[in-house]
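Take a look at the structure below.
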Amino acid sequence: MSNRLLLSAGLASGAVLAMALPAHAQEVTAESVKTEAAFVFNTLLFLMGGFLVMFMAAGFAMLEAGLVRSKNVSMQCLKNIGLYSIAGIMYWVLGYSLMYSGVDGGFIGSFAAYSWPAAGSANEGSYSVGSDWFFQMVFCATTASIVSGTVAERIKLWPFLIFVAVLTGLIYPIAGSWKWGAGWLDGMGFLDFAGSTLVHSVGGWAALTGAIILGARKGKYGADGKMTPLPGSSIPLATLGTFILWLGWFGFNGGSQLAFGDNINASDVSRIFINTNLAACGGVIVSMLLMQAIYKKVDVTMALNGALAGLVSITAEPLTPDPLMAILIGSVGGVIVVFVVPLLDKLKIDDVVGAIPVHLMAGIWGTLAVPLTNSDGSFLTQIIGVTAYAAFTIVASAIVWFVLKATMGIRASEDVEALGLDKVEVGVEAYPEFA
Amino acid sequence: MSNRLLLSAGLASGAVLAMALPAHAQEVTAESVKTEAAFVFNTLLFLMGGFLVMFMAAGFAMLEAGLVRSKNVSMQCLKNIGLYSIAGIMYWVLGYSLMYSGVDGGFIGSFAAYSWPAAGSANEGSYSVGSDWFFQMVFCATTASIVSGTVAERIKLWPFLIFVAVLTGLIYPIAGSWKWGAGWLDGMGFLDFAGSTLVHSVGGWAALTGAIILGARKGKYGADGKMTPLPGSSIPLATLGTFILWLGWFGFNGGSQLAFGDNINASDVSRIFINTNLAACGGVIVSMLLMQAIYKKVDVTMALNGALAGLVSITAEPLTPDPLMAILIGSVGGVIVVFVVPLLDKLKIDDVVGAIPVHLMAGIWGTLAVPLTNSDGSFLTQIIGVTAYAAFTIVASAIVWFVLKATMGIRASEDVEALGLDKVEVGVEAYPEFA
Amino acid sequence: MSNRLLLSAGLASGAVLAMALPAHAQEVTAESVKTEAAFVFNTLLFLMGGFLVMFMAAGFAMLEAGLVRSKNVSMQCLKNIGLYSIAGIMYWVLGYSLMYSGVDGGFIGSFAAYSWPAAGSANEGSYSVGSDWFFQMVFCATTASIVSGTVAERIKLWPFLIFVAVLTGLIYPIAGSWKWGAGWLDGMGFLDFAGSTLVHSVGGWAALTGAIILGARKGKYGADGKMTPLPGSSIPLATLGTFILWLGWFGFNGGSQLAFGDNINASDVSRIFINTNLAACGGVIVSMLLMQAIYKKVDVTMALNGALAGLVSITAEPLTPDPLMAILIGSVGGVIVVFVVPLLDKLKIDDVVGAIPVHLMAGIWGTLAVPLTNSDGSFLTQIIGVTAYAAFTIVASAIVWFVLKATMGIRASEDVEALGLDKVEVGVEAYPEFA
């Protein structure tokens with residue numbers, strides 16, 4: 001704006017609006033006011049949901065910074081701000097168009113940078129398409145964040161970031177188009193409200209593939225089959241990250257209602273907030289009780305991952321469950337965390353932050369659970385969807401990981417791993433005065 | 001939603017709304033549009049205020065993680081995510097109904113899980129009842145957060161969480177019903193806009209009762225009457241926690257306007273934001289000046305608690321004060337902190353994070369100050385309210401604490417306290433590579 | 001509100017609104033509903049933008065706490081909560097009136113505390129003036145936050161806070177009035193949408209002036225001309241701070257649209273969100289690529305500052321650029337960081353956190369870049385504006401710094417600097433158990 005003196009410059013009630021209206025503005029009717037208010041409310045939902053999900057990037061960064069050893073903390077911070085930045089640009093260059101433009105029951109959209117209305121103009125329709133782009137972009141970035149924690153402490157910086165570019169520019173958008181772009185799985189009736197599968201399992205499969213191809217950190221699994229814990233450097237940062245993610249999830253699930261312009265949508269978003277919260281509560285409490293029952297100690301990282309698994313579990317269907325079902329769905333997420341974390345260690349799959357149980361396993365569970373509360377869902381279709389996403393993401397990710405391995409290499413040398421990535425690749429220690 | 005292609009799938013302006021409307025939708029009139037927009041605005045206030053207050057759980061976690069010693073930081077993180085989860089479920093199972101259903105001038109509501117409209121439907125009235133539940137739930141959780149800091153570093157995990165379940169399922173809702181549930185104190189004209197008494201003093205009394213029954217940490221008060229400071233492990237985390245709480249307070253007080261659907265409510269919420277901020281500013285500056293004057297050093301934890309005490313002080317009436325009064329009311333909070341912290345040490349009451357001066361004493365002050373700016377208030381009624389909340393919360397809390405003490409015990413053994421709760425009860429150290 | 005039982009107390013749809021309306025309420029028409037909804041939407045934009053920018057205070061605190069050495073972390077936390085508090089009060093006492101009241105093409109407004117409507121009433125116009133005050137106040141506080149990082153680790157507490165009081169009560173508001181108060185630069189056609197110059201360069205000039213007058217930290221620049229790095233104490237806190245600032249920037253730039261009440265303004269705010277995000281992404285990626293190319297290591301603090309420089313760069317014009325231009329404008333910010341940080345070291349100007357490249361240099365760049373995408377801009381006028389702000393802020397700041405130096409002294413003694421400000425001025429160490 002020219003200056004910020006709207007009011008005292010004499011722009012009385014309505015004047016700002018009037019100035020902004022195009023010359024051919026139509027008569028103001030109750031219908032037109034209703035339509036315009038809905039446009040603004042829907043856009044607001046995308047922007048507010050979007051900034052909450054954007055902040056999840058900070059949540060992942062803190063969770064991972066807290067769960068890696070101090071010699072790799074700077075690297076983890078760098079990867080997280082790097083991946084969010086790459087995702088933002090790739091989703092503009094390619095991702096959004098592949099995901100949403102002209103999929104029409106098929107598998108893929110068009111290759112083109114996406115565009116939105118010029119300054120001072122608005123699109124037709126019931127919300128600003130720019131706000132929708134912003135909202136979908138932060139989902140894409142979340143998918144990349146999921147990978148980063150699993151492969152921490154041994155993957156090199158640049159191959160990781162190149163993987164992120166392919167994941168956010170091609171893999172996620174193509175997979176996403178199948179459902180949210182009105183592609184073939186949407187046509188079949190596959191249901192995934194906010195992305196238990198499209199975001200969390202896709203990120204989880206990419207992470208799992210990477211963890212297997214990379215191999216475990218040195219010293220994690222002994223020749224004798226014994227697992228050595230490599231405890232994270234800061235529990236409060238991991239806790240902060242979890243709370244930030246929990247906060248962001250209100251935007252993640254609530255914004256996925258995609259509309260906020262009337263009593264019913266506003267009520268549905270409220271319901272989604274409640275179910276999202278209750279599922280996380282269930283995940284926390286069940287994981288705590290199980291830890292106490294089994295181990296006689298309550299590992300706080302299990303409670304944190306219990307919260308996240310509860311959140312992932314409810315993400316496929318946060319609207320239809322009643323409160324008790326939301327708690328139960330989230331609680332199963334808590335159970336998954338407690339049993340899958342040691343299982344991965346038995347399989348010698350080194351998932352540094354627990355992203356595979358949280359995002360992949362709970363994501364599958366949440367997706368399969370949809371028909372329990374939503375009569376439009378079918379278990380068979382849900383299984384088909386889960387399987388299709390698994391097959392595509394594993395194959396596509398593996399190709400990218402192997403190409404990177406064969407060309408530039410993906411794993412830091414043993415010396416670098418022992419010294420820590422911070423000293424060698426970043427040149428900045430996270431806590432130079434301690435440790 | 002089925003897919004996310006609202007716009008390109010041809011759902012032009014208004015179509016989404018139209019689809020969502022029930023078959024018997026009435027004619028769109030200026031009145032109906034106004035009513036519907038107000039419904040959405042009011043619901044938005046609850047949801048936005050609610051997620052801001054939810055994030056206060058992270059604020060308390062960081063404040064407390066920063067103010068306890070490193071050997072108890074994991075435990076403090078665990079307690080905070082645990083208590084928020086328990087509060088969320090208990091407030092659904094019992095709390096909300098006890099607080100709001102059928103109190104009618106009495107002392108207590110009904111024992112029943114609360115329910116809200118099914119997916120795809122909305123209640124009558126001027127806001128979504130689900131959004132109100134969400135907003136009230138996070139207030140309940142805040143009450144429990146207040147207790148957690150005071151009793152830190154020596155209380156065992158499970159007795160603490162059981163106390164939280166009773167506090168959030170019974171004590172807080174019953175006490176809350178007296179005013180916000182239209183009970184007897186509301187009938188008398190007691191005023192507490194956003195909870196200086198209902199939330200902060202109730203939490204503070206529960207904390208004080210716990211601190212006395214538990215006793216002080218080993219080594220805090222010598223046999224010779226000398227106090228040994230046990231400094232917190234991370235000032236930046238405590239600072240972060242304070243800023244997060246300050247942010248959340250805009251939701252706490254602003255959302256307590258309960259309406260945002262017209263010029264006047266929007267203006268009142270703006271006024272509340274300003275007063276909330278100015279009161280905190282006053283609390284910070286006065287506590288800093290007093291520290292400099294008295295001790296020649298400005299203890300940053302006093303400035304942080306000064307901010308919080310300013311916020312608690314303005315919470316009973318953030319709307320009616322003019323800016324100068326808001327600053328003064330908050331400044332008295334700063335004074336309280338500076339003088340009550342050493343006073344508690346003289347009384348050998350070990351309040352690890354300063355929650356008693358901040359939440360209890362400033363909460364009482366804020367409640368008593370209401371009639372200074374709100375002519376509907378009466379000093380006598382405010383005193384009656386403060387006293388009633390004190391009596392009920394002290395007695396109810398003491399009963400629970402004593403029952404827990406007599407049955408499972410509430411205090412960690414001397415060995416465990418010396419080693420730190422993290423090693424023994426959590427099994428995970430907060431900073432395994434340092435300290 | 002008297003109690004929180006709106007709905008069950010029988011206040012059905014519309015009743016709350018009706019109660020709040022003045023006795024002379026006019027007929028409800030489509031026009032009146034449109035006007036009222038716009039009032040609420042615009043006010044919401046200010047309040048939501050405002051709380052996001054308020055949270056930037058936490059972002060600066062964490063960024064600075066992470067980038068100073070552990071012996072000065074408590075002080076940095078104290079300064080940040082202190083400066084935000086002082087800014088809040090000074091902007092009420094003086095700042096807002098100087099900036100916005102009666103400037104009318106001149107240089108300065110009136111000396112008077114600002115006021116807004118009483119509780120239960122609203123102003124005429126298209127938004128709540130209280131919400132605007134809140135929004136403008138947090139901008140003022142941001143300006144002060146910028147100074148705090150540069151002069152860290154050697155400036156004494158109280159002179160710094162007195163400087164902040166003058167900056168936020170006089171310097172920033174007077175300078176701001178020239179453009180946003182409809183003063184002489186606004187009359188000339190100078191453009192600065194959200195404050196690349198008005199906020200970031202003004203803060204940056206004040207910081208630069210302070211850094212020069214204070215001198216560098218002991219040990220930073222050797223007699224032999226060699227620079228000794230004094231690495232910050234916590235990279236994850238610096239990363240967290242950056243993400244919080246990035247989040248806050250959606251409020252900073254998005255809120256500066258100043259209106260959200262119709263399709264076009266909602267679309268413009270969406271566009272601003274996107275451009276703000278893309279510019280930061282560009283800043284991160286370019287700074288990372290340059291670091292790799294030049295130094296073969298990717299210093300994470302450069303990536304963080306690259307994000308911030310990208311954000312500052314787009315702040316003068318976040319609306320008119322298309323996505324590619326937004327990325328390019330932000331990328332130049334990343335270039336600036338990589339080259340100006342070592343340049344300042346050559347000049348022996350000790351800028352502890354890199355605020356001068358980020359806020360001052362990128363702020364100048366962003367301001368000069370406006371005419372590249374906004375045809376209303378003129379390079380000559382932009383240069384005049386940048387120069388005028390430079391001249392005024394340097395002179396005004398230097399006067400204040402010199403007066404403070406001559407009277408109470410601004411620099412901690414060598415002993416205090418060596419021991420750390422925390423021990424001597426704060427009396428509380430940030431990490432008493434480590435280091």
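Each chain gets a letter, A, B and so on, in the order the sequences are listed, and its residues count up from 1.
Heavy-atom distances place the side chain of Leu52(B), and not its backbone, under 4.5 Å from chain C. Looking at Ala37(B), there are no atoms closer than 4.5 Å to chain C (heavy atoms on both sides), in backbone or side chain. The parts of Ile86(C) that come within reach of chain B are both its backbone and its side chain, each placing non-hydrogen atoms under 4.5 angstrom from that chain. The contact between Met48(B) and chain C is made entirely by side chain atoms (from C-beta outward), counting heavy-atom distances below 4.5 Å. Within the 4.5 angstrom heavy-atom criterion, only side-chain atoms of Thr242(B), from C-beta onward, approach chain C. Proximity to chain B (any heavy atom under 4.5 Å) is shown, for Ser74(C), by both the backbone and the side chain. Both the backbone and the side chain of Leu47(C) come within contact range of chain B, judged by heavy atoms closer than 4.5 Å. For Leu44(B), the part sitting under 4.5 Å from any heavy atom of chain C is the side chain, from C-beta outward, and nothing else. Both the backbone and the side chain of Trp116(C) come within less than 4.5 Å of a heavy atom in chain B. Both the backbone and the side chain of Ala194(B) come within less than 4.5 Å of a heavy atom in chain C. Looking at Leu289(B), both its backbone and its side chain come within 4.5 Å of chain C, counting heavy atoms on both sides. Residue Ala61(C) touches chain B through its side chain alone, counting heavy-atom pairs closer than 4.5 Å. Heavy-atom distances place the side chain of Phe41(B), and not its backbone, under 4.5 Å from chain C. For a residue to count as touching a neighbouring chain, one of its non-hydrogen atoms must lie under 4.5 Å from one of that chain's; by this rule Met75(C) does not touch chain B. Looking at Ser121(C), only its backbone comes within 4.5 Å of chain B, counting heavy atoms on both sides. Looking at Ile327(B), only its side chain comes within 4.5 Å of chain C, counting heavy atoms on both sides. Contact of Asn263(B) with chain C is made through backbone and side chain together, with heavy-atom distances under 4.5 Å.
Results of the ring-ring contact (aromatic ring centres under 6.0 Å, His included) test with Phe273(B) over Phe46(C), Phe134(C), Phe135(C) single out Phe134(C) as the only residue that passes.
Within residues 422-430 of chain C, the residues having any heavy atom under 4.5 Å from a heavy atom of chain B are, by residue number, Lys423(C), Val424(C), Glu425(C), Val426(C), Gly427(C), Val428(C), Glu429(C), Ala430(C).
For the atom pair Ile264(B) CD1 and Glu36(C) CD, the distance stands at 8.5 Å (nearest 0.5 Å). The distance from the CG atom of Asn277(B) to the OH atom of Tyr91(C) is 13.5 Å, given to the nearest 0.5 Å. Here Thr239(B) contributes atom OG1 and Glu64(C) contributes atom CD; the two are 11.5 Å apart, rounded to the nearest 0.5 Å. Summarising the geometry, atom SG belonging to Cys77(C) is positioned 7.5 Å from atom CG belonging to Leu304(B); distances are rounded to the nearest 0.5 Å. Summarising the geometry, atom CE belonging to Met137(C) is positioned 8.0 Å from atom CD1 belonging to Ile274(B); distances are rounded to the nearest 0.5 Å. Interatomic distance, CE of Met56(C) versus CG of Leu247(B), reported as 13.0 Å (0.5 Å rounding).
For Asp132(C), the side chain to side chain donor-acceptor pair (under 3.5 Å) test picks out Tyr96(C), Gln136(C), with sequence neighbours left out.
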Under the criterion ring pair (Phe, Tyr, Trp, His ring centres under 6.0 Å), I'd like the reasoning laid out for Phe434(B) against Tyr431(C): C-alpha separation, chi angles, the key distance, then a yes or no.
CA-CA 11 Å; Phe434(B) 321 134; Tyr431(C) 305 106; 8.9 Å; no
Apply side chain to side chain contact (heavy atoms under 4.5 Å, CB included) to residues Met288(B) and Leu78(C) and explain how you reach the verdict.
CA-CA 9 Å; Met288(B) 287 179 68; Leu78(C) 181 60; 3.9 Å; yes
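Among Ala119(C), Ala122(C), Ser233(C), Ser234(C), the residue making the largest number of heavy-atom pairs under 4.5 Å with chain B is Ala119(C). With chain B as the partner, the residue from Gly88(C), Ala118(C), Gly50(C) showing the most heavy-atom pairs under 4.5 Å is Ala118(C). Most heavy-atom pairs under 4.5 Å with chain B, from the set Thr43(C), Ile81(C), Val93(C), Asn80(C): that is Ile81(C). In terms of heavy-atom pairs under 4.5 angstrom with chain C, the leader among Pro236(B), Ala266(B), Gly176(B) is Pro236(B).
Looking at heavy atoms from C-beta onward, Trp133(C) lies out of side-chain contact with Ser270(B) at the 4.5 angstrom threshold. The closest side-chain heavy-atom distance from Leu240(B) to Leu240(C) is below 4.5 Å. Here the side chains of Asp262(B) and Phe39(C) are not in contact, with every heavy-atom distance at 4.5 Å or above.
Taking the six-membered ring where the residue is Trp, the centroids of Phe51(C) and Phe250(B) are separated by 6.0 Å or more.
Summarising the geometry of Arg271(B) relative to Pro117(C), their closest heavy-atom pair is NH1-O, 2.7 Å, with the distance given to 0.1 Å.
Asp268(B) places a side-chain N or O within donor-acceptor distance of the main-chain N or O of Gly120(C), the cut-off being under 3.5 Å.
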